Enquirer: 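Once you've had a glance at the structure underneath, I'll fire off some questions.
In what follows, chains are A, B, ... by sequence order, proteins preceding strands, each numbered from 1. Because the structure is predicted, anything quoted here is derived from the model rather than measured.
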Number of protein chains: 2
Amino acid sequence: MAAKRQLHLGAFMRPVSLHTGAWRYPGAYPDANFNFSHLKRFAQTLERAKFDAFFMADHLAVLNMPIDSLKRSHTVTSFDPLTLLPALAAVTERIGLVATASTTFDQPYHIARKFASLDHISGGRAGWNLVTTSNPDAALNFGLEDHMEHGERYRRAREFFDVVTGLWDSWADDAFIRDVDSGIYFDPDKLHVLNHKGDYLSVRGPLNIARPIQGWPVIVQAGASDAGRQIAAETAEAVFTAQSTLAAGQKFYADVKGRMEKIGRNPDHMKILPAAMVLVADSVQEAQDKRARLDSLVHYDSGLASLSIALGHDASKFDPDGPLPEIPESNASKTSRQNVIDLARKTNMTVRQLAQRLGGYSGLAFVGTPRTIADEMQEWLEQRGSDGFTVNFPYLPAGLDDFVEKVVPELQRRGIFRTEYRGATLRDHLGLPRPENQFFRSDAKPATHAAGSRS
Amino acid sequence: MAAKRQLHLGAFMRPVSLHTGAWRYPGAYPDANFNFSHLKRFAQTLERAKFDAFFMADHLAVLNMPIDSLKRSHTVTSFDPLTLLPALAAVTERIGLVATASTTFDQPYHIARKFASLDHISGGRAGWNLVTTSNPDAALNFGLEDHMEHGERYRRAREFFDVVTGLWDSWADDAFIRDVDSGIYFDPDKLHVLNHKGDYLSVRGPLNIARPIQGWPVIVQAGASDAGRQIAAETAEAVFTAQSTLAAGQKFYADVKGRMEKIGRNPDHMKILPAAMVLVADSVQEAQDKRARLDSLVHYDSGLASLSIALGHDASKFDPDGPLPEIPESNASKTSRQNVIDLARKTNMTVRQLAQRLGGYSGLAFVGTPRTIADEMQEWLEQRGSDGFTVNFPYLPAGLDDFVEKVVPELQRRGIFRTEYRGATLRDHLGLPRPENQFFRSDAKPATHAAGSRS
């Protein structure tokens with residue numbers, strides 16, 4: 001009998017909850033975003049539950065919101081991911097550590113060194129969530145007035161990837177012989193100088209750190225646009241994505257894995273992990289009540305702004321405690337408008353409740369008992385909607401603890417989630433091969449001073 | 001009775017030994033530069049000895065040496081300091097953590113975030129060794145063909161310092177009120193937008209992390225040139241410097257502290273910590289024998305290159321096992337030539353031994369018993385040659401363990417080194433004040449949207 005398809009689980013941990021009301025929930029740590037001891041506790045708990053990875057998103061600016069909304073947000077302050085994850089590496093042993101780092105405002109030599117260092121320090125547990133930055137406020141923090149346009153950002157990102165992976169391959173895996181008797185520290189024939197000169201980047205190399213333990217840290221991406229999907233198909237090994245229904249998830253899954261096949265990559269060599277908020281309780285009603293309580297902590301004005309945007313119509317004149325009235329046609333996205341209308345009809349939510357839902361968290365959510373949640377996750381897995389999920393927790397620490405104590409054992413009972421780590425590295429957890437060094441292949445003579453680009 | 005002047009001790013840990021023969025010494029860890037478990041052991045040992053700080057230097061390229069020397073060097077591979085130190089922060093509690101980061105090839109927003117993150121994660125133990133990078137090989141790793149000239153590098157560094165410290169002050173210390181009942185996370189009146197536009201840098205801000213625990217991480221510098229001393233006098237709180245004699249140390253000490261007084265800074269608010277290799281044994285003879293053995297592990301050809309440079313004369317024709325012959329006048333620095341000649345006359349070293357000394361480590365060294373070493377350190381301290389030392393260890397782990405077990409207790413017995421940490425932060429260890437927020441002074445109304453520069 002073939003082994004069952006296995007779920008892969010990442011935890012989305014920046015902000016520690018995506019839900020804007022989370023810091024006010026009873027028992028929450030309002031300072032979780034900048035208190036290392038809390039983050040250490042979360043990472044160690046996720047490791048006990050055998051999560052594949054702790055995933056940390058990033059922003060290169062304080063989010064651009066009106067100050068009256070911003071002042072209510074717990075996301076304004078957070079650790080730099082590449083500073084936090086080494087600290088977590090030192091207090092965990094097996095869980096993968098995925099940091100977001102942008103290709104738009106950084107240098108490939110810095111990024112290659114930092115991820116190589118993290119991979120060595122963690123014993124092969126690093127992952128790089130390779131993103132481009134489209135936030136014009138971030139541009140202003142890096143001396144740029146005009147923001148790079150979308151296509152250009154992606155072309156730079158693709159070249160950046162080639163340079164970083166080329167730098168990681170500066171040294172053959174067996175370059176460091178450290179022969180005490182002869183005094184030879186490394187074999188000079190196993191050192192490659194990249195000498196990259198491209199459209200956006202010029203980087204000589206070599207990198208001043210040994211090849212990462214995983215060969216390359218795992219490449220993660222989140223691109224949703226056509227260019228984003230294409231670069232993911234070419235380079236990514238895990239994809240974090242927002243898909244609000246199973247049907248949408250299946251379409252995305254088939255599209256990206258199809259693109260991989262078209263360019264000759266094995267589709268199993270990428271795990272697609274949609275974002276999902278999971279709220280578990282002992283009954284469905286209790287879970288829904290908890291969610292309603294959490295939503296009620298979102299400030300109504302902030303929620304109204306989100307609701308008005310989704311409807312394409314000013315919702316501030318509506319009766320907050322009445323049902324959603326008929327909405328005239330507008331220029332808003334028909335999908336987002338229809339989604340709100342469907343939600344209102346299905347749930348009998350008031351305008352206030354709708355506003356707070358949209359201002360809190362309105363993406364894919366599994367809200368129910370361990371059994372109903374495991375059913376939904378299993379359906380996505382078996383119906384090829386995903387290879388697992390990037391889970392976010394509605395509030396911390398209770399939402400995380402509940403998931404670990406109640407949902408994980410149910411997934412394990414069903415034989416679709418590991419009960420023990422089998423390997424040591426993040427590649428092992430995700431079932432990904434270790435890349436060969438492009439300049440020193442084990443089945444051939446070493447290529448000497450080849451061009452930097454792999455394509 | 002006035003309290004005795006106190007020594008401050010940093011440990012210079014990248015490379016883990018400066019001595020090029022160290023990795024071949026009996027009992028050494030040849031892989032110490034890239035094995036986290038060794039670095040963790042070193043940091044924890046230094047913390048037990050109550051060192052002020054673990055200091056990590058940096059290079060942004062593989063060092064430019066002929067490949068026949070380079071292949072013998074254990075310094076080609078090492079961790080990125082800002083990735084290593086967060087990991088060490090998680091496994092230590094009190095020791096300061098000083099990372100080198102260059103102002104030449106990085107962005108102030110990145111540097112400000114990373115050091116603020118390290119300061120929060122470590123509970124106020126971060127220090128920034130602010131350097132400029134003059135290595136043309138590094139420039140090639142960052143897309144630059146021509147290297148920035150010296151004066152320009154320093155002007156950029158000064159502005160970079162203003163921007164980073166301005167970003168650290170983005171939030172008042174009490175900005176985050178996190179009032180669960182009202183839903184207000186921070187007080188908008190306690191947020192400062194830097195809006196810096198200068199000659200080299202344009203950075204809007206605010207920083208997306210709370211003000212560091214220390215206000216600002218401790219500012220460390222190593223500048224030796226006139227421009228370097230001046231920027232240190234203006235901005236540094238600890239100085240790492242190479243001084244080969246007490247007389248030279250006294251001159252440097254008086255010069256830099258005099259510059260501080262001239263601009264109205266309290267000279268006690270900077271600790272001057274010359275680099276010193278310390279090799280301790282139970283007798284002076286045994287210590288000298290160990291040093292000779294260590295020097296003998298330096299490859300003769302690498303040593304010859306260093307000797308020839310110091311003499312301004314090709315030393316390869318000399319009899320390696322004979323004494324240093326008379327050297328004709330040359331264009332070499334008279335000081336370095338005379339230093340070598342004096343060393344040869346004083347010690348009767350052969351040409352081979354001289355070459356290996358110069359190719360190994362030829363800076364300030366205290367080689368002897370716990371008593372003779374403590375005598376020398378105390379003399380520097382009392383004669384105002386320094387406020388302590390940045391100690392480097394001849395070989396690891398034994399050289400470090402010997403220092404901790406033998407020299408530290410002798411310094412403590414003399415009452416010139418702490419037996420327990422008295423404070424929690426690196427500023428506490430070094431006796432440095434916590435900087436007030438330049439935009440939110442405790443004795444005045446908050447300045448609103450002041451210019452970015454502090455001067």
Side-chain angles (χ1 to χ4, degrees), chain A residues 23-24 30-31 34 36 40 59-62 67 70-74 76-80 82-84 86-91 105-107 109-110 113-114 116-118 120-121 137 140-143 171 176 178 180 183-188 201-210 297 299, chain B residues 23-24 30-31 34 36 40 59-62 67 70-74 76-80 82-91 105-107 109-110 113-114 116-118 120-121 137 140-143 171 176 178 180 183-188 201-206 208-210 297 299:
Chain A
W23 68 275
R24 301 176 68 194
D31 64 341
F34 58 128
F36 176 66
K40 174 177 166 181
H59 296 289
L60 292 171
V62 168
I67 191 77
L70 188 67
K71 75 182 180 190
R72 300 175 181 281
S73 168
H74 62 305
V76 285
T77 178
S78 188
F79 297 121
D80 167 60
L82 275 169
T83 311
L84 176 68
L88 293 177
V91 295
F105 303 119
D106 215 321
Q107 293 280 345
Y109 201 86
H110 288 313
R113 275 185 93 196
K114 287 176 196 300
S117 297
L118 178 61
H120 281 282
I121 288 168
D137 288 320
L140 292 171
N141 288 334
F142 294 92
W171 304 87
F176 293 94
R178 299 194 286 263
V180 169
I184 306 296
Y185 200 76
F186 70 86
D187 177 351
L201 301 163
S202 162
V203 179
R204 194 177 74 162
L207 198 64
N208 53 359
I209 182 164
L297 299 172
H299 193 256
Chain B
W23 68 276
R24 301 175 67 193
D31 64 341
F34 58 127
F36 177 65
K40 175 176 165 180
H59 297 288
L60 292 171
V62 168
I67 191 77
L70 188 67
K71 74 181 181 190
R72 300 176 181 280
S73 168
H74 63 304
V76 285
T77 178
S78 187
F79 297 121
D80 167 61
L82 275 170
T83 311
L84 176 67
L85 294 194
L88 293 178
V91 295
F105 303 117
D106 215 322
Q107 292 280 344
Y109 201 86
H110 288 314
R113 275 185 93 196
K114 286 175 196 300
S117 297
L118 178 61
H120 281 282
I121 288 169
D137 288 321
L140 293 171
N141 288 334
F142 294 93
W171 304 87
F176 293 94
R178 299 193 287 263
V180 168
I184 306 296
Y185 200 76
F186 70 86
D187 177 351
L201 301 162
S202 162
V203 179
R204 194 178 72 162
N208 53 0
I209 182 163
L297 299 171
H299 193 257

Enquirer: Minimum heavy-atom separation for B:F79 and A:H120, please, with both atom names.
Expert: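 Answer, listing the atom of B:F79 first, then A:H120: CE2-CB, 3.5 Å.
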Enquirer: Minimum heavy-atom separation for B:A90 and A:A87, please, with both atom names.
Expert: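 Answer, listing the atom of B:A90 first, then A:A87: CB-O, 3.3 Å.
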Enquirer: Between A:I121, A:V91, A:V203, who has the most heavy-atom pairs with chain B when the cutoff is under 4.5 Å?
Expert: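 Most pairs with chain B among the choices: A:I121.
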Enquirer: If you count heavy-atom pairs within less than 4.5 Å of chain A, which of B:A89, B:G183, B:G143 leads?
Expert: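 Heavy-atom pairs under 4.5 Å are most numerous for B:G183.
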Enquirer: Top residue by heavy-atom pair count (under 4.5 Å) with chain A, among B:T83, B:L82, B:I67?
Expert: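 That would be B:T83.
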Enquirer: Once rounded to the nearest 0.5 Å, what's the spacing between atom CZ of A:R178 and atom NE2 of B:H74?
Expert: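 Reported value, rounded in 0.5 Å steps: 12.0 Å.
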Enquirer: In terms of heavy-atom proximity below 4.5 Å to chain B, should A:D187 be classed as side chain, backbone, both, or neither?
Expert: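 Contact with chain B is absent: no heavy atom of A:D187 under 4.5 Å.
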Enquirer: Supply the atom-to-atom distance B:Y109 OH to A:D106 CG, rounded to the nearest 0.5 angstrom.
Expert: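 Those atoms lie 13.5 Å apart.
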Enquirer: Would you sort out whether B:D31 and A:F176 count as a side chain to side chain contact (heavy atoms under 4.5 Å, CB included), showing the intermediate values?
Expert: CA-CA 9 Å; B:D31 64 341; A:F176 293 94; over 6 Å; no
Enquirer: For A:S73 versus B:Y185, what's the shortest heavy-atom pair and its separation?
Expert: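 Answer, listing the atom of A:S73 first, then B:Y185: O-CD2, 3.3 Å.
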Enquirer: Taking side chain as everything from C-beta outward and backbone as N, CA, C, O, which of these in B:F36 sits under 4.5 Å from a heavy atom of chain A? Side chain, backbone, both or neither.
Expert: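 For B:F36, the side chain is the part near chain A, not the backbone.
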Enquirer: Of the backbone (N, CA, C, O) and the side chain (C-beta and beyond), which part of B:L88 lies under 4.5 Å from a heavy atom of chain A, both, or neither?
Expert: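 Neither; nothing under 4.5 Å.
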Enquirer: Measure B:H110 against the heavy atoms of chain A and call it side chain, backbone, both or neither at under 4.5 Å.
Expert: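 Its backbone and side chain both get close to chain A.
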Enquirer: Tell me the closest heavy-atom pair linking B:F34 and A:A210, and the distance in Å.
Expert: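 Residues B:F34 and A:A210, closest heavy atoms: CE1-CB, 3.4 Å.
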Enquirer: Among A:L201, A:L297, A:L118, A:D137, which has the most heavy-atom pairs under 4.5 Å with chain B?
Expert: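 Max contact count across the listed options: A:D137.
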Enquirer: In Å, rounded to the nearest 0.5 Å, how long is the span from CZ of A:R72 to CZ of B:F186?
Expert: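 One gets 11.0 Å once the value is rounded to the nearest 0.5 Å.
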Enquirer: Based on non-hydrogen pairs under 4.5 Å, which of B:N141, B:V76, B:L140, B:L70 is most in contact with chain A?
Expert: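 Max contact count across the listed options: B:N141.
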Enquirer: So which heavy atom on A:K114 is nearest to which on B:K114, and how close?
Expert: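 Nearest heavy atoms, A:K114 then B:K114: CE-CE, 4.1 Å.
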Enquirer: If you look at every heavy atom in A:P30 and B:V180, which pair is closest and at what distance?
Expert: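 Nearest pair, atom of A:P30 first, then B:V180: CG-CG2, 4.3 Å.
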Enquirer: Without swapping roles, check the side chain of B:N208 against the backbone of A:T77 for a donor-acceptor pair under 3.5 Å.
Expert: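 No; judged by distance alone, with no hydrogens or angles, the pair does not exist.
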Enquirer: Could you tell me which portion of B:L60 (side chain, backbone, both or neither) has an atom closer than 4.5 angstrom to a non-hydrogen atom of chain A?
Expert: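 Both parts, heavy atoms under 4.5 Å.
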